[in-house]
Amino acid sequence: MRQSDEPLLSSPSPGNAYPCKVLSATLFSLAIAAAFLLLTPTAPDLCANSPDPASCQTIVADAVLASSPHAHRPSRPAQILRAIIATAVLTDHVTCLDGLDADGPLRDSVGAHLEPLKSLASASLAVLNAVGGARDVLAEVVDRFPSWVPARDRALLEAGAGAVQADVVVAQDGSGKYKTIKEAVDAAPDGGKSRYVIYVKKGVYKENLEVGKKKREVMIVGDGMDQTVITGSRNVVDGATTFNSATLALSGDGIILQDLRVENTAGPEKHQAGALRASADRAVINRCSLDGYQDTLYAHQLRQFYRDCAVSGTVDFVFGNAAAVLQGCVLTARRPAAAQKNAVTAQGRTDPNQNTGTSVHRCRVVPAPDLAPVAKQFPTFLGRPWKEYSRTVYMLSYLDAHVDPAGWLAWNGDFALKTLFYGEYQNQGPGAGTAARVGWPGDRGITDRGPERRHAVHRGAVHPGRRLAQRHRRHLQRRALILDCCRWIVSLTAAS
């Protein structure tokens with residue numbers, strides 16, 4: 001196990017500094033979008049828990065003082081989307097800085113430009129939370145799928161392996177249009193508005209590839225998680241960063257993976273070595289196997305749904321700051337390197353108003369055959385707090401005997417122990433007992449059904465409408481808040 005104060009994202013080589021510069025520009029544009037999408041507060045103390053309460057409070061207080069009577073309240077889905085955008089701004093900010101040397105001049109330089117944008121995004125989230133738009137992404141679902149999965153895609157997800165009609169075929173033996181998955185992804189249309197299906201025939205594909213931001217609404221489907229395999233071995237020890245070690249990286253919104261395996265074979269001694277990194281919004285991973293050791297699944301940001309998958313690893317093998325639901329999955333802890341301890345999750349929420357978290361729903365948490373005989377020598381924990389407001393819930397799941405009775409593992413001393421939220425609800429199995437759990441302030445034994453409604457895919461509506469008087473008051477404040485944020489952005493631009 002790495003030292004508790006070792007950053008999860010390792011330092012990049014000098015050649016990796018350029019993406020942070022690009023990210024700085026991207027963050028600025030996202031912050032502008034977030035400012036124009038702000039909603040209004042109900043009280044002047046919204047920023048008490050913000051990482052930068054002074055800057056946040058300035059925006060909120062000035063907006064209330066300068067309220068205008070002409071405004072229009074956006075729809076509930078629009079509120080949720082706005083919270084997602086602001087949350088992504090903060091997540092990208094942290095990703096960028098975590099990838100730089102803690103004491104290096106580049107981190108100081110980049111941080112000076114990104115810190116004001118982080119404050120703006122934090123203020124935006126505080127306001128959104130006040131009107132209920134930042135809390136319910138994990139509960140905004142219908143039936144067995146999140147509501148953002150359209151009916152046309154649900155039919156594809158219910159289809160058996162090999163039953164999906166493809167636009168192009170990948171086959172190593174030359175029987176398809178392409179021999180590599182990368183060729184097929186590169187040839188997919190940019191900015192797609194309809195589903196584009198890439199069928200990958202059985203075989204082992206030794207590739208490191210990314211489905212970029214322009215490749216929207218792409219589906220990659222194989223012949224089964226034991227038949228179609230994408231494999232790589234990038235890792236931190238050999239010079240990669242955690243972010244770019246992933247065998248497969250997903251950035252294009254609306255991506256679907258189905259019936260295939262993605263693996264990183266670097267091994268536990270190579271430390272961080274990702275199999276899958278998902279940075280896409282509305283990502284669905286269905287009937288897939290994700291295999292690795294440390295940092296197997298990087299659920300980086302935005303909305304993600306994992307159904308009937310198998311995920312294996314050792315240290316922090318499900319981590320990131322997405323609004324991620326894992327449903328009906330098997331989470332398998334493997335034998336780690338000497339002196340390491342396993343942690344299934346390491347959720348990275350950095351702001352109390354971010355609508356992110358990891359929900360493990362109706363899953364099985366089990367040991368691999370190489371771990372089971374030595375489980376006491378290599379304890380396995382349900383998770384540990386990567387960031388200050390880490391949030392993870394296990395519900396209606398099976399926890400095997402290899403789960404340490406303490407349940408949860410500290411990251412570094414008392415870091416985040418008072419601000420995290422770790423919940424357990426009606427789990428079963430020899431590792432599900434909560435009597436010997438750590439007992440931190442944020443460690444919750446849940447007995448009511450509220451968390452299940454908030455964090456699981458289920459039937460039924462959530463959150464009734466607000467009172468008319470409350471709506472009217474927020475209407476009066478919205479324009480002033482937007483104008484104030486715009487003025488702040490202009491001042492930031494002039495200062496830089």
>> Taking the six-membered ring for Trp, are H361 and Y394 closer than 6.0 Å centroid to centroid?
In response: no
>> Less than 6.0 angstrom separating the ring centers of F381 and W408, yes or no?
In response: no
[X] (side chain) donor-acceptor with [Y] (main chain) under 3.5 angstrom:
X    : Y    : result
D223 : K201 : no
T180 : E183 : yes
T345 : L382 : yes
D238 : N235 : no
N264 : G274 : yes
Q258 : L156 : yes
R349 : P352 : yes
R234 : A266 : no

Do the non-hydrogen side-chain atoms of [X] and [Y] ever get within less than 4.5 Å of each other?
X    : Y    : answer
D259 : R287 : yes
V393 : T358 : no
S312 : R334 : yes
I255 : V284 : no
V311 : D291 : no
R216 : R282 : yes
R364 : S397 : no
T356 : Q347 : yes

Can you see which heavy atom on [X] is nearest to which on [Y], and at what distance?
X    : Y    : answer
N355 : A323 : O-CB, 3.6 Å
E207 : T247 : O-CG2, 3.3 Å
G222 : L260 : N-CD2, 4.2 Å
K387 : A416 : O-CB, 3.8 Å
N208 : S245 : ND2-O, 4.1 Å
N321 : G348 : CG-O, 3.3 Å

If we count only N and O atoms by modelled type, under 3.5 Å, do the side chains of [X] and [Y] hold a donor and an acceptor together?
X    : Y    : value
D295 : Q272 : no
R307 : N286 : yes
Y422 : E424 : no

>> Applying side chain to side chain contact (heavy atoms under 4.5 Å, CB included) to F378 and K341, what does each step give before you reach the verdict?
In response: CA-CA 5 Å; F378 300 97; K341 299 176 183 178; over 6 Å; no
Quick one: pull up [atom1] in [X] and [atom2] in [Y] and give me the separation to the nearest 0.5 Å.
X    : Y    : atom1 : atom2 : value
S289 : D308 : OG    : CG    : 13.0 Å
N342 : F317 : CG    : CZ    : 7.0 Å
I285 : L257 : CD1   : CG    : 4.0 Å
F305 : I256 : CZ    : CD1   : 11.5 Å
T419 : D351 : OG1   : CG    : 11.0 Å
T228 : Y199 : OG1   : OH    : 6.5 Å

> Yes or no on side chain to side chain contact (heavy atoms under 4.5 Å, CB included) for R303 and W148, after CA distance, side-chain angles and deciding distance?
Replying inline: CA-CA 9 Å; R303 294 170 290 183; W148 41 262; 3.7 Å; yes
Distance-only check: which donor-acceptor pairs under 3.5 Å involve side-chain atoms of residues 185-194, not counting sequence neighbours?
| unit_1 | atom_1 | unit_2 | atom_2 | d |
| --- | --- | --- | --- | --- |
| D186 | OD2 | K182 | NZ | 2.8 |
| D190 | OD1 | K215 | NZ | 2.7 |

>> Does atom CD (E158) have a neighbourhood of more than 12 heavy atoms from anything else shown, all under 6.0 Å?
In response: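 Yes, the 6.0 Å shell around CD holds more than 12 heavy atoms from other groups.
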> Crowded around K206 NZ? As in, over 12 foreign heavy atoms under 6.0 Å?
Replying inline: no
>> Test side chain to side chain contact (heavy atoms under 4.5 Å, CB included) on S279 and Q301; report intermediate values, then the result.
In response: CA-CA 5 Å; S279 302; Q301 62 180 6; 4.2 Å; yes
> Do K179 and D173 pass the salt bridge (Lys or Arg N to Asp or Glu O under 4.0 Å) test, and can you show the C-alpha distance, the side-chain angles, and the key distance before you say yes or no?
Replying inline: CA-CA 7 Å; K179 289 187 176 182; D173 62 6; over 6 Å; no
> Between E210, H300, K214, which is the residue that forms a side-chain hydrogen bond (donor to acceptor under 3.5 Å, both in side chains) with S251?
Replying inline: E210
>> Testing L371, L331, D404 one by one against T380 for a side-chain contact (heavy atoms from CB on, under 4.5 Å), which residue passes?
In response: L371
>> Can you tell me how the ring of F319 sits relative to the ring of Y298, calling it parallel under 30°, perpendicular over 60° and tilted otherwise?
In response: parallel
> Hey, mind stepping through T241 and V236 against side chain to side chain contact (heavy atoms under 4.5 Å, CB included) and telling me if it holds?
Replying inline: CA-CA 5 Å; T241 65; V236 167; 5.8 Å; no
